[in-house]
Number of protein chains: 2
Amino acid sequence: MPKKVNHEQRRNRIAEAAWQVILEFGMEGATVRKIAEKAGLSLGALRYYFSNQEDLILYAMRLVKERAAERIKQILHRDGSPKQKMLDVLLEIVPTNPQTRAEMEVWFSFVGYARHHPHLLKEEGDGILAAIQLMFGYMETNGLLRPGIDKQLEIERLYAMVDGLALHAMLEPERLTEKQVEKVIASQLDVIFE
Amino acid sequence: MPKKVNHEQRRNRIAEAAWQVILEFGMEGATVRKIAEKAGLSLGALRYYFSNQEDLILYAMRLVKERAAERIKQILHRDGSPKQKMLDVLLEIVPTNPQTRAEMEVWFSFVGYARHHPHLLKEEGDGILAAIQLMFGYMETNGLLRPGIDKQLEIERLYAMVDGLALHAMLEPERLTEKQVEKVIASQLDVIFE
DNA sequence: AATTATTTAATACAATTGTACTAAATAATT
DNA sequence: AATTATTTAGTACAATTGTATTAAATAATT
C-alpha cells in the first residue's frame, strides 16, 4: 500500500551524499544535517532511513568498499595475462583520477574515524592484502613466480608499495601521475614474475 | 616581575596533552576542554597560551615533526656505513614501538584534519621524500648507487614502500613486527646499493 | 472515495562545542 | 610591605550537535 520508494537505492543516495560531505568537510564536518541537505532530504526523512549517525557512516563506508570490490572483480574477469591483470587490479587500487581519489579519501577518513569508535573496530580492513595473497597463491600454483624469491617478503613489499603509492597519489596527485604509478608497479611486478 | 613560568615548555606540555587526547579520541574528540583537563589546566589558563584551537593543533603538529626530525638528525650524525645509516633512518620513520606508533597516528590525524582546514593547507609535508632524495643524491655523488638503476624510479619505489610500511605498522602492529619491517626495507636497499 | 501503511516535514531538547569575559591569585620587583 | 605584571580560575554565551517527537502528507490498496 505504501509508496514505491526503493529503500536500498535511497539509502545508497544518502551514502553518496555522505561521501561528498566527508570529502568537502572531513569526518568532523560530516553532520547529519549537512548530509541530509546534500541528499535533498529533511532531517526527519534522513532519520527514517538511518536511525543514527554511526549506522549511516558505517553503511556509507561499506558501500565504498563494495563498489571498489565490484570494479576489481570486473577486472579479474577480463581476458589477459595474469601479469597484466595483476597490474590492472593494482592500478585500480591506486587512485589516479578524481573519482577513485575521492573514494580513497573517504576511505581514509573512515579508517581514522573507526579507530576511535569501538563499535566499528571489528569491521574488516580493505581486503587488499588478502587480494594480493590470493594472487600470489594463484601464481605459485601456476609456476609464474620467479624462482628463488621469498614469497612472504615479496607479498609484504608489494603490499607496502601499493598502499604507499595510494597514499601519495591521494595526497599529491599533481606529483604522482598515472604513468608514474604504472611504471613503479610494473617494476615491482617484474621482480615477482618470471 | 612576573612568575617564572617557562612559556615554551608549558606550550610543549599542552601540545603533548593534545597528542594524548587525539590518540585517545581522534581529531573530532580533541576539544579544548579535554586537552586542558589532560594538561591539568583550566580552560582559561589554556586559552592564555593558545588563543584558539587551530593554533594549538598547528603547534602540536609542528612539534611532532620537530621531534621526529631531531631523532633522524641524531641518527645521521652517528658513525656507520651510508647503507646502515639509511636503514636506521627509515626504521625510525616506520613506527615499530608504541611511542613512534603514537606519533605516527597523531601525524596521520593531522594530515586528515589539515586537508579540510585551508589555513593549514600551506603547511609543508613530512619531509620524508626530501630526505630520501637527499640520501640518493649523496649516494650518487659517492658512487654508491648500483649501476644501471633508474634513480627517479627507485626513489619513488622506496618512498612508497616506506610510507606503506609506516601505514601498515600503525594499523596492524601485531602483524608487522620490527624484524619484518627491517627485512623489507633491507631488501629494498639491496636493490639500490651497489 | 475510504482506508491504511509508509514517508516526510518541522520543531524541540539536552548536551557539547569554541570562545569571551571578569575577578581573583600569584610572584617578582620596588 | 606595596606595587605591578603576569597567570589562573570560573562562569557565561551563542552556535551547533545528535536525537526524539509530533503531526502532516503521500500513495497504493480496498
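Residue numbers start from 1 in every chain, and the chains themselves are labelled A, B, ... in the order their sequence lines are given, proteins ahead of strands. Note that this is a predicted model, so its numbers are computed, not measured.
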Please report the distance, rounded to the nearest Å, between [atom1] in [X] and [atom2] in [N].
X     : N      : atom1 : atom2 : answer
B:R11 : D:dT8  : CZ    : P     : 13 Å
B:L46 : D:dT6  : CG    : P     : 20 Å
A:I35 : D:dG18 : CD1   : C1'   : 11 Å
A:R10 : C:dT6  : CZ    : P     : 16 Å

**OP:** Could you walk me through whether A:F50 and A:I14 pass side-chain contact (heavy atoms from CB on, under 4.5 Å), step by step?
**Re:** CA-CA 9 Å; A:F50 294 98; A:I14 295 172; 3.7 Å; yes
Counting distance only, does the side-chain N/O of A:Q188 pair as donor-acceptor with the main-chain N or O of B:R157 below 3.5 Å?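 Checking the backbone N and O of B:R157 against the side chain of A:Q188, no donor-acceptor pair under 3.5 Å is found.
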- [ ] For the pair A:R146 (side chain) and A:I192 (backbone), establish whether a donor and an acceptor sit closer than 3.5 Å, ignoring hydrogens and angles.
- [x]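 No.
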ask   = Who passes salt bridge (charged side-chain N to carboxylate O under 4.0 Å, His left out) against B:E28, sequence neighbours left out?
value =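 B:E28: no salt bridge (charged side-chain N to carboxylate O under 4.0 Å, His left out) contacts found.
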Per the under-4.0 Å heavy-atom filter, residues of residues 18-25 of chain B near DNA chain C come out as none
May I ask you to decide whether [X] forms a salt bridge with [Y], counting only side-chain N to carboxylate O separations under 4.0 Å?
X      : Y      : answer
A:E124 : A:K65  : yes
B:R115 : A:E105 : yes
B:E24  : B:K34  : no

Item to check | Any A:Y49 side-chain N or O less than 4.0 Å from OP1/OP2 of C:dT8 | outcome: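 Indeed, a polar side-chain atom of A:Y49 lies that close.
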- Taking only N and O in the side chain of A:Y48, is any of them less than 4.0 Å away from OP1 or OP2 of C:dT7?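 Checking A:Y48 against C:dT7: at least one side-chain N or O falls below 4.0 Å of OP1 or OP2.
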Sequence neighbours excluded, the answer for ring pair (Phe, Tyr, Trp, His ring centres under 6.0 Å) partners of B:F136 is none
ask   = Looking only at side chains, do B:E103 and B:Q99 share a donor and an acceptor under 3.5 Å apart?
value =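 Yes, B:Q99 and B:E103 have a side-chain donor paired with an acceptor closer than 3.5 Å.
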Each nucleotide of nucleotides 14-19 of chain C classed B (base within 4.0 Å of a protein heavy atom), S (only sugar-phosphate) or -, in 5' to 3' order, makes ---BBB
Read 5' to 3' with Watson-Crick or G-U pairs under 3.5 Å, [ ] for crossing pairs and | for partners on another strand, DNA chain C gives ||||||||||||||||||||||||||||||
For the residue pair B:Y113 and B:H117, does the interplanar ring angle fall in the parallel (under 30°), tilted (30 to 60°) or perpendicular (over 60°) class?
-> parallel
Tabulate below the donor-acceptor pairs under 3.5 Å that side-chain atoms of residues 83-94 of chain B make, not counting sequence neighbours, or state none.
residue	atom	partner	partner atom	Å
B:K83	NZ	B:D190	OD1	2.7
B:Q84	NE2	B:D88	OD1	3.1
B:K85	NZ	B:L76	O	3.0
B:K85	NZ	B:R78	O	3.4
B:D88	OD2	B:R78	NH2	3.3
B:E92	OE2	B:R71	NE	2.5
B:E92	OE2	B:R71	NH2	3.2

